[in-house]
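Only a predicted model underlies this, so the values are computations on that prediction, with no experimental measurement involved.
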Amino acid sequence: MSPRWVAHLPFTAADLPAARRFAGALARSVTFLPDVDAGETTVSAEDEQGVRHRVFCDLPLPDRTRCVRRTDHDGPCTGRRPR
């Protein structure tokens with residue numbers, strides 16, 4: 001298996017929920033690339049990069065997929081993005 005890397009891309013957001021939305025949209029926009037693990041997306045404040053906040057739930061599901069909903073979502077986990 002190839003080593004994993006993390007790309008740090010600073011951006012501006014009003015607060016943590018807005019930062020999670022931006023990071024989620026960015027992660028989903030590159031999921032066509034097979035080497036991207038969007039479920040592991042996190043955000044952190046620029047001055048607190050050791051404190052990371054998950055963007056997606058990413059819990060394992062019985063069918064061996066992972067939950068694609070946002071972290072702290074209401075309702076059941078799903079392997080397909082809700083419409």
**Q** Who pairs with R66 by side-chain hydrogen bond (donor to acceptor under 3.5 Å, both in side chains), at least two apart in sequence or on another chain?
**A** D58
**Q** Are V55 and L59 connected in a single hydrophobic cluster, I mean Ile/Leu/Val/Met/Phe/Trp/Tyr linked by side-chain heavy atoms less than 4.5 Å apart?
**A** no
**Q** Mind listing the closest non-hydrogen atom pair of S44 and V51 along with its distance?
**A** CB-O, 3.1 Å
**Q** Would you sort out whether R52 and V43 count as a side chain to side chain contact (heavy atoms under 4.5 Å, CB included), showing the intermediate values?
**A** CA-CA 5 Å; R52 297 178 182 192; V43 295; over 6 Å; no
**Q** Sub-3.5 Å donor-acceptor pair from the side chain of R28 to the main-chain atoms of A38, do we have one?
**A** no
**Q** Taking ring-ring contact (aromatic ring centres under 6.0 Å, His included) as the cut-off, I'd like each qualifying pair that reaches into residues 28-58, sequence neighbours left out, listed once.
**A** none
**Q** Does L9 have any side-chain contact (heavy atoms from CB on, under 4.5 Å) partners at least two apart in sequence or in another chain, and if so, which?
**A** L26
**Q** Going by salt bridge (Lys or Arg N to Asp or Glu O under 4.0 Å), name the pairs with one or both residues in residues 4-21, residues two or more places apart or in two chains.
**A** R4-D37
**Q** For D63, give me all partners under side-chain contact (heavy atoms from CB on, under 4.5 Å), at least two apart in sequence or on another chain.
**A** L61, T65
**Q** Quick one: name the residues clustered hydrophobically with V6, using the 4.5 Å side-chain heavy-atom rule over I, L, V, M, F, W, Y, and just say none if it's on its own.
**A** none
**Q** With no hydrogens and no angle check, is any side-chain donor or acceptor of R54 less than 3.5 Å from a backbone partner on D72?
**A** no
**Q** Show the nearest heavy-atom pair for residues V68 and G79, with the distance to one decimal.
**A** CG1-O, 3.6 Å
**Q** How close do R70 and G24 get, heavy atom to heavy atom, and via which atoms?
**A** NH1-CA, 3.8 Å
